[in-house]
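The analysis underlying the following values was restricted to heavy atoms, covering all of them including side chains, and did not include hydrogens, waters or symmetry mates.
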Amino acid sequence: MEITALYIFLLALGASFVQRTTGFGFGIFIMTVLPFLMPSYGEATALSGLLALTTSSIIAFRLRKNVTWSRLLPILMTFIIISAAAICFLTRIHDNTLRKILGIVLILTGLYFAFFNKKIRIGTTVPWQVGAGTLSGIMGGFFGMQGPPAVLYFISSEPTKECYMAMTQMYFCIGNAMMTIVRACNGFVTADVGKGYAIGLGGLALGLLLGEWTFKRIPGKIFPYLVYSYIGISGAFIFFTA
């Protein structure tokens with residue numbers, strides 16, 4: 001139990017550090033290991049969502065004046081509908097199957113962001129918003145990592161990095177709040193999730209402080225690629241050990 005608590009603390013620290021530095025990646029980072037520490041995959045996504053909700057809420061509150069709701073609501077509403085359906089379907093899928101799928105998704109996500117993120121441009125019209133919200137909802141509901149599709153949309157739609165950070169964190173804040181409610185209704189928010197959340201809060205706070213400090217000092221072009229490499233390696237690990 002002590003070793004598991006230490007792992008959860010360190011995972012929360014690393015995930016919040018990544019989130020504060022790049023604007024996304026909390027779920028991607030923590031879900032590489034968390035499913036192996038919790039009693040079920042659904043409880044792992046619930047704990048990841050609760051910790052991510054806390055992280056994004058803090059950042060979103062600080063940057064709330066930079067949020068443009070007309071660009072946020074279409075993708076957010078689509079995400080809420082799709083992710084709720086995915087969470088309900090989660091109870092019918094075997095954990096090992098989900099871990100296999102998660103491994104593939106992580107590998108593809110890491111490869112995409114490492115090699116193709118500068119070559120593809122995403123539009124800001126309603127079809128793009130609905131498409132990004134749908135993909136984000138599927139990934140968020142099944143894997144607790146709704147970030148990549150939404151991030152691509154907000155990078156294309158927002159004029160400054162402050163607006164980008166504000167929009168992504170408000171999106172994650174509201175989205176994770178909704179998913180937590182749906183997960184609770186489906187029995188995934190358990191006593192074990194509550195214990196994990198209490199343990200992770202300390203790591204989360206430390207990660208946010210370190211992430212803010214790092215964001216101001218490390219060149220933005222270097223750090224993300226370290227994260228993407230880790231994502232791909234972790235995906236391969238999960239896929240072959242599931």
Side-chain angles (χ1 to χ4, degrees), residues 4-34 37-38 44-67 72 76 106 109-110 113 136 139-140 143-148 150-151 154-155 158 160-180 183 189 193-231 234:
T4 298
L6 177 61
Y7 280 152
I8 292 176
F9 177 90
L10 293 176
L11 284 170
L13 190 160
S16 60
F17 174 79
V18 170
Q19 183 83 6
R20 183 62 187 91
T21 304
T22 66
F24 78 108
F26 190 101
I28 296 175
F29 186 99
I30 201 169
M31 286 298 288
T32 57
V33 178
L34 196 58
L37 303 178
M38 300 298 292
T45 61
L47 178 54
S48 171
L50 276 171
L51 291 170
L53 168 61
T54 305
T55 301
S56 56
S57 296
I58 295 172
I59 305 173
F61 179 77
R62 293 179 179 177
L63 301 174
R64 62 191 182 280
K65 293 182 179 179
N66 292 304
V67 174
L72 178 62
L76 179 61
L106 287 173
T109 300
F113 277 100
S136 183
M139 293 181 68
F143 311 122
M145 40 177 273
Q146 66 268 33
V151 164
F154 289 123
I155 285 176
E158 299 311 307
T160 67
K161 67 177 184 179
E162 289 79 15
C163 290
Y164 157 78
M165 185 67 72
M167 293 284 276
T168 54
Q169 300 316 298
M170 187 62 72
Y171 175 83
F172 295 143
C173 175
I174 297 174
N176 278 310
M178 182 283 306
M179 287 195 296
T180 296
R183 285 172 180 141
V189 180
V193 171
K195 294 176 183 177
Y197 178 73
I199 293 169
L201 282 177
L204 186 152
L206 182 57
L208 282 174
L209 291 174
L210 292 174
E212 186 171 357
W213 183 88
T214 302
F215 180 75
K216 299 176 181 179
R217 290 167 175 79
I218 293 184
K221 294 182 179 180
I222 296 176
F223 182 76
Y225 288 96
L226 299 177
V227 177
Y228 305 149
S229 298
Y230 174 77
I231 291 170
S234 299

Please name the residue in the list Leu53, Ile58, Ile59 that meets the side chain to side chain contact (heavy atoms under 4.5 Å, CB included) test with Thr55.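 Exactly one pass, corresponding to Ile59.
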Under the side chain to side chain donor-acceptor pair (under 3.5 Å) test, which residues partner Tyr164, sequence neighbours left out?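 Once residues adjacent in sequence are excluded, Tyr164 has no partner under the side chain to side chain donor-acceptor pair (under 3.5 Å) criterion.
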According to side chain to side chain donor-acceptor pair (under 3.5 Å), who are the partners of Ser57, at least two apart in sequence or on a separate chain?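 With neighbours one apart ignored, the set is empty.
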In Å and rounded to the nearest 0.5 Å, what is the [atom1] to [atom2] distance from [X] to [Y]?
X      : Y      : atom1 : atom2 : answer
Leu209 : Phe17  : CG    : CZ    : 11.5 Å
Ile30  : Ile8   : CD1   : CD1   : 8.0 Å
Arg183 : Ser48  : CZ    : OG    : 7.0 Å
Glu162 : Met167 : CD    : CE    : 14.0 Å

Which residues satisfy the side-chain contact (heavy atoms from CB on, under 4.5 Å) test with [X], sequence neighbours excluded?
X      : value
Leu206 : Leu13, Leu210
Tyr197 : Leu47, Leu50, Leu51, Thr54, Leu201
Phe61  : Arg64
Ala44  : Met31, Leu34, Pro35, Met38

Salt bridge (Lys or Arg N to Asp or Glu O under 4.0 Å) pairs, two or more places apart, involving residues 20-31: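 As it turns out, there is no salt bridge (Lys or Arg N to Asp or Glu O under 4.0 Å) pair with a partner in residues 20-31 once direct neighbours are skipped.
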I need the full list of salt bridge (Lys or Arg N to Asp or Glu O under 4.0 Å) pairs touching residues 203-214, with sequence neighbours left out, sorted by first then second residue.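 Qualifying pairs, neighbours excluded: Arg62-Glu212.
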Using side-chain heavy atoms (C-beta onward) and a distance below 4.5 Å, is Phe29 in contact with Leu11?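 Touching, per the 4.5 Å side-chain cut-off.
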Asn66 side chain near Thr160 side chain, heavy-atom distance below 4.5 Å: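 A side-chain contact is absent here, since even the closest heavy-atom pair is not under 4.5 Å.
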Heavy-atom pair of closest approach, residues Leu72 and Met170: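 Nearest heavy atoms, Leu72 then Met170: CD2-CG, 3.7 Å.
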Compare every heavy atom of Ala46 with every heavy atom of Val189, then report the nearest pair and how far apart it is.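 So the two residues come closest at CG2-CB, 4.3 Å.
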Which side-chain hydrogen bond (donor to acceptor under 3.5 Å, both in side chains) pairs, counting each pair once, include a residue from residues 166-175, with sequence neighbours left out?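 For residues 166-175, and leaving out neighbouring residues, the side-chain hydrogen bond (donor to acceptor under 3.5 Å, both in side chains) pairs sorted by first residue read Gln19-Gln169, Ser136-Tyr171.
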